Protein chains: 2
Amino acid sequence: MNLVKREQTAIDSLEARCHQMGMRITGQRKVIAQTLVDAEDHPDAEQLHERVREVDHTISIATVYRTLQFLEKLQLIAKRDFGDGRARFEISMTPRDHHHHMIDIESGEVVEFYNQELEDLKIRIADELGYDLVDHHLELFGTRLRGETLGEQEP
Amino acid sequence: MNLVKREQTAIDSLEARCHQMGMRITGQRKVIAQTLVDAEDHPDAEQLHERVREVDHTISIATVYRTLQFLEKLQLIAKRDFGDGRARFEISMTPRDHHHHMIDIESGEVVEFYNQELEDLKIRIADELGYDLVDHHLELFGTRLRGETLGEQEP
DNA sequence: TTACATGCAAAATATTTGCGTAGGA
DNA sequence: TCCTACGCAAATATTTTGCATGTAA
C-alpha cells in the first residue's frame, strides 16, 4: 500500500499548491500529474500525451504543454535535457529527493542517483561564486564498465 | 600575442582533426570555427550565423547547423542547454579545461567555473554506478547573494 | 456567474534534409 | 577528376498561441 499512499500524497500536494496559487485543479491537470507520478521513466511531452489519452482521450497536446509549464512553475515537476532534441519531465514533489542522471550513451538507458557529497559541493561552489543556488542540473554520460570493477560479465 | 597564438592553435587543431577524419576543411568551416574561438559567450546557432555572415555573407544557416554537428562529432565544440529552447555552443578544444556554468536566473548572465573536486567526484560517482564517464553537463541556476558573504551591496 | 482552462488549428521556433551545383584534395 | 560540402528551399520536429467554448469555484 506504500505506492498508493505516495501517489495520493503527490496529488494532494498538487491540489494544495493549486489552491495556494489561486489556480484551478481540473480533471486534465489531475490526469497529467497522476501520469507523471506513475511514470518510472522520463517521458517527453508527446509520450506523456499518449499515456494521458489512454485515460482521457480528449486531452490535447496543447493542454499537456500548458500543464507542464504550469506544474514546472509550481515546482512540482522538473524539466530535463538528455541531449536529444526534446525536453523530458519528471515529478519532483519531494524536495529532498534531488537526484541526477547517469545516461548510457550506447543503450540510452537512464539511471538515477543521489549523492550528498555532490549536493554539498554544489552549494559551496555557488556560494564561492557569489550565488544562492536555486536549482541545478547534472547529467553524466558514459558507457558500462566491463569486468574488473563490478565483476559483471557480458553474456 | 597570446590570443593570436591560441587562436591559431585552435584552427590548427581543427585542420588536424579534419585530416585525421578524412574530411575537408572548407572556408565556411574555418570561419565558423574561428568565430566560435573568438566568442566569449555561448552563442546559439542563429547568433553564430549572424556573426559568421559578417565575415562571409554567403554562409547559410544549414551550413552552420551542419558544421556544428560536425565539430561536435569531432569533439572540438560542446553543445549546452541553459534551459531556454535553443542549444548553445562553445569551443572545447582543450580537454583539460572542462568547465561548467553558473546561470543567474534574474539577469541571464553566465559565469564559467572549474572545480577539481567536482571533476573527481563525478568520475567516482560514475564508477560506483558501473560506468566509464565519457561526458557530463552541469549547470547551476541561482541568484546573486546580497551582503554578508561577499560584502557586495546593491545600489 | 465569471474568470481561468481547454480543444482546435494555425503560428512560431528550432533543426534537418533533398537536390542540384560548387569547390577542395 | 571525384566526392564531399554547399546554398536554397522545403520538410520536420517541437513548442506556443489566438480564439471561441467549456467548466471549476
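What you are looking at is a predicted structure, and each value in this text was computed from that prediction instead of being measured. Just so it is clear: chains get the letters A, B, ... in the order the sequence lines come, proteins before strands, and each one is counted from 1.
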Next on the checklist: Taking the minimum atom-to-atom distance to the side chain of A:E46, which one of D:dT14, D:dT15, D:dA9 wins?
Outcome noted: D:dT14

Next on the checklist: Tell me the interatomic distance from B:D44, atom CG, to C:dT15, atom P, rounded to whole angstroms.
Outcome noted: 7 Å

Checklist outcome for this item: From the list B:R88, B:R80, B:E112, side-chain hydrogen bond (donor to acceptor under 3.5 Å, both in side chains) with B:H42 holds only for B:E112

Checklist entry - Could you give the CD1-to-P distance, from A:I25 to C:dT6, as a whole number of Å? => result 9 Å

Checklist entry - A:I61 CD1 to D:dT15 P: how many Å, rounded? => result 9 Å

Item to check | Interatomic distance where CZ belongs to B:R66 and P belongs to C:dT15 [whole Å] | outcome: 15 Å

Checklist entry - Roughly how many Å is it from CZ in A:R29 to P in D:dT23, rounded to a whole number? => result 15 Å

Item to check | Nearest-angstrom distance from the residue atom CZ of A:F70 to P of C:dA5 | outcome: 7 Å

Next on the checklist: If you compare every side-chain N and O of B:T67 against the phosphate oxygens of D:dA5 (OP1, OP2), does one of them come in below 4.0 Å?
Outcome noted: no

Checklist entry - OP1 or OP2 of C:dG7 sitting under 4.0 Å from any side-chain N/O of A:T63? => result yes

Next on the checklist: Heavy-atom nearest nucleotide on DNA chain C for B:F89 versus B:T26: which residue maps closer to 5'?
Outcome noted: B:F89

Checklist entry - Out of D:dT15, D:dG7, C:dA5, which nucleotide sits closest to the side chain of A:R86? => result D:dT15

Next on the checklist: Between B:D81 and A:K79, does any side-chain N to carboxylate O distance fall below 4.0 Å?
Outcome noted: no

Next on the checklist: Closest-nucleotide mapping onto DNA chain C: is A:V64 or B:G27 further toward the 5' terminus? I mean the 5' end.
Outcome noted: A:V64

Next on the checklist: Distance check, rounded to the nearest 0.5 Å: A:Y114 atom OH versus A:Q116 atom CD?
Outcome noted: 3.5 Å

Next on the checklist: Under a 4.0 Å threshold between the charged nitrogen and the carboxylate oxygen, would B:D41 count as salt-bridged to B:R51?
Outcome noted: yes

Next on the checklist: In whole Å, I'd like the distance from the CG atom of B:D81 to the P atom of D:dT15.
Outcome noted: 11 Å

Next on the checklist: Just the rounded figure in Å: distance from C1' of D:dT15 to CD of A:Q47.
Outcome noted: 16 Å

Next on the checklist: Taking 4.0 Å as the cut-off, does a side-chain nitrogen or oxygen of A:Y65 come that near to OP1 or OP2 on D:dT16?
Outcome noted: no

Checklist entry - Does the pair A:K122/A:D120 count as a salt bridge with the N-to-O cut at 4.0 Å? => result no

Next on the checklist: On the side chain of B:R24, is there an atom forming a donor-acceptor pair with the base of D:dT4 - under 3.5 Å, no angle test?
Outcome noted: yes

Next on the checklist: Any side-chain N or O of A:T58 below 4.0 angstrom from OP1/OP2 of C:dG7?
Outcome noted: yes

Checklist entry - Would one find a side-chain N or O of B:Q28 under 4.0 angstrom from OP1 or OP2 of D:dG7? => result yes

